[in-house]
Amino acid sequence: MKKYVKIIGGSLLGLAAAGGVAASMLSPLTVEVTTLMAATARVTFTEQGAYVYDRVFTVYPQVAGEVLEIQVKPGDNVTKGQVIAVISATDYEYQIKSLESTIAGYQAQINNLYAQEKISKDQYLMTRQTLLGQIADIDVGMKEYEISRKVTEKQIQLQEDIVGHNQRMVNLARENAREYWRDYRGGGIDRDEYRAYDNQAQQAVQQAEIALDASLQQLELLKAGNATMEGFRSQRDSLERQLGLVEDSLGRSNTWAMQQYYNAMIEGTQQNIESMNDMLGRAVVTAPVSGKIDALPVRDSNIVSHSISVATISNDPAVEVFVPIREIDGVRVGDTVQLIFDKQLGNETMDATVIRIEDEAQVQISALGVEERKVRVLLEPKGNISIGYSMDAVFTVFEEPDAVVVPKTAVFEQDGKDMVWLVTNGEANLREIEKGVETRYGFAVTSGLSPGDDVITDANDANVRAGRRIKTG
């Protein structure tokens, strides 16, 4: 009886536990839900910036001498052409006389070149006459040789006939010798007869060959005489080339380049004299650009020289930012950048425009001592800033208005797909999405969600299942 009661009691406890689980499944799950809204999705990065002068000009005096007057002080803003200082220039009279003497020396060199040119031309004329005479002599020789050449050609033709005849005789004598040998081998004649015939045949061959060699030598001698015409032509061609060089030299000036050089030196020296005449008595140092006087070394000396600067002028103020190379592709000239100033009463902001991106990266050392390669970027602020101010520069590399951004914690991966828990009609349902760019606050969704959709913020909540009743927290 007790055992039966225990069994019944155990069954009742099991039913109670199953009922509790069923009740928990049917009761709404309280979770945090985010209602999606259309907003601007941005991707930004922030770097430290400083307001600096982009260019610094060092002003040197054009003359050396005593400082007569200083018309500016450090910190003054100056315009291009404004007088900075006045310097004496009384020593320029001596330099002008020295330059005038230099011009006289250049002119003497030009006159000497003219004399050299005349001597050279006279020598070329004499050479020209000599070459023309030699060419005329060769032409006469070629005409005389042309007459004798025709006779020689006839002799060569006859001698070639003789050579041909002698060659046939040699061939005939050699064939007779071979015929005696064949008769002997065939038994037509005996050994003694063969020896007698062969001795005669070999003598005939030798005599024929001697006659052939003699006729060939005579032919070569005749042909060698005919080659003289080629010698005439070769000599004439050489003289023609020499004459061409002489004619070219007569047609141009061999000293023209040096004359131009001295004339250019005279012209340059005359310009220096004119410039020095303008500076006689005193010299005026003016600002080459508009800007601010940073330094004025001329105040500390009553004498200046070409190697000592009078002043330094800074201009083209800009916000200087060094952007990591991993971010630089997202920056373009003309982009708007937000400047944030950290002040005691709170942050102040100001817009700026990217005006220049340098081509090469520089190595920068971070506060932690790490080397980074960064590109120098200059910004033009849309307000007044004092030189030396530092600030944060916020660059926007991506911006999409009316985007749907879902929190990163709401997205999870299932079977290689990006999913969220979407709450519809009070129940949790799986929804596949396509993620776009990642922002600071989440993912810009390109498909799968719309403004007004409710998604469960914590995608890792193990109690969330498809169809589970949801109660927002």
Side-chain angles (χ1 to χ4, degrees), residues 117 119-257:
E117 184 77 14
I119 293 173
S120 177
K121 294 290 186 183
D122 290 343
Q123 291 176 345
Y124 278 124
L125 286 171
M126 293 176 60
T127 302
R128 179 175 179 273
Q129 289 302 116
T130 300
L131 291 172
L132 289 173
Q134 292 174 344
I135 290 173
D137 291 342
I138 289 177
D139 288 341
V140 171
M142 291 176 69
K143 289 180 180 179
E144 292 176 350
Y145 183 79
E146 184 66 25
I147 296 173
S148 63
R149 184 180 65 84
K150 294 180 180 179
V151 175
T152 303
E153 288 178 350
K154 183 63 176 178
Q155 291 176 340
I156 290 173
Q157 183 179 356
L158 293 174
Q159 187 63 31
E160 287 175 342
D161 293 341
I162 293 172
V163 168
H165 170 75
N166 290 339
Q167 182 64 60
R168 290 191 295 274
M169 295 303 295
V170 168
N171 294 339
L172 180 61
R174 289 173 179 172
E175 180 60 28
N176 287 337
R178 287 192 291 270
E179 185 66 26
Y180 292 143
W181 171 251
R182 287 192 292 270
D183 288 345
Y184 169 67
R185 295 290 293 175
I189 56 176
D190 60 23
R191 175 178 297 181
D192 292 336
E193 287 178 320
Y194 169 69
R195 287 179 177 176
Y197 289 142
D198 183 63
N199 184 45
Q200 294 176 0
Q202 294 300 329
Q203 289 180 357
V205 169
Q206 291 178 1
Q207 291 174 358
E209 288 176 345
I210 291 172
L212 176 61
D213 289 341
S215 62
L216 285 171
Q217 291 177 8
Q218 182 63 27
L219 179 61
E220 291 300 322
L221 289 174
L222 290 173
K223 288 184 175 181
N226 188 49
T228 305
M229 180 60 77
E230 296 300 323
F232 279 131
R233 292 193 182 98
S234 177
Q235 289 177 347
R236 197 180 195 287
D237 289 343
S238 177
L239 293 174
E240 286 284 359
R241 286 193 294 271
Q242 295 179 49
L243 182 61
L245 294 175
V246 171
E247 295 286 3
D248 180 65
S249 298
L250 286 171
R252 58 181 173 82
S253 172
N254 294 326
T255 61
W256 180 83

Trainee: Could you give the distance from CD (Gln134) to CG (Asp139), rounded to the nearest 0.5 Å?
Mentor: 12.0 Å
Trainee: Report the distance from atom OG1 of Thr130 to atom CD1 of Ile135, rounding to the nearest 0.5 Å.
Mentor: 11.0 Å
Trainee: Which value, rounded to the nearest 0.5 Å, describes the distance between Arg174 atom CZ and Gln202 atom CD?
Mentor: 10.0 Å
Trainee: Does any N or O in the side chain of Asn171 come within less than 3.5 Å of the main-chain N or O of Gln167, such that one atom is a donor and the other an acceptor?
Mentor: yes
Trainee: Count the heavy atoms of every other residue, nucleotide or ligand shown that sit under 6.0 Å from CZ of Arg182, and state whether that count exceeds 12.
Mentor: yes
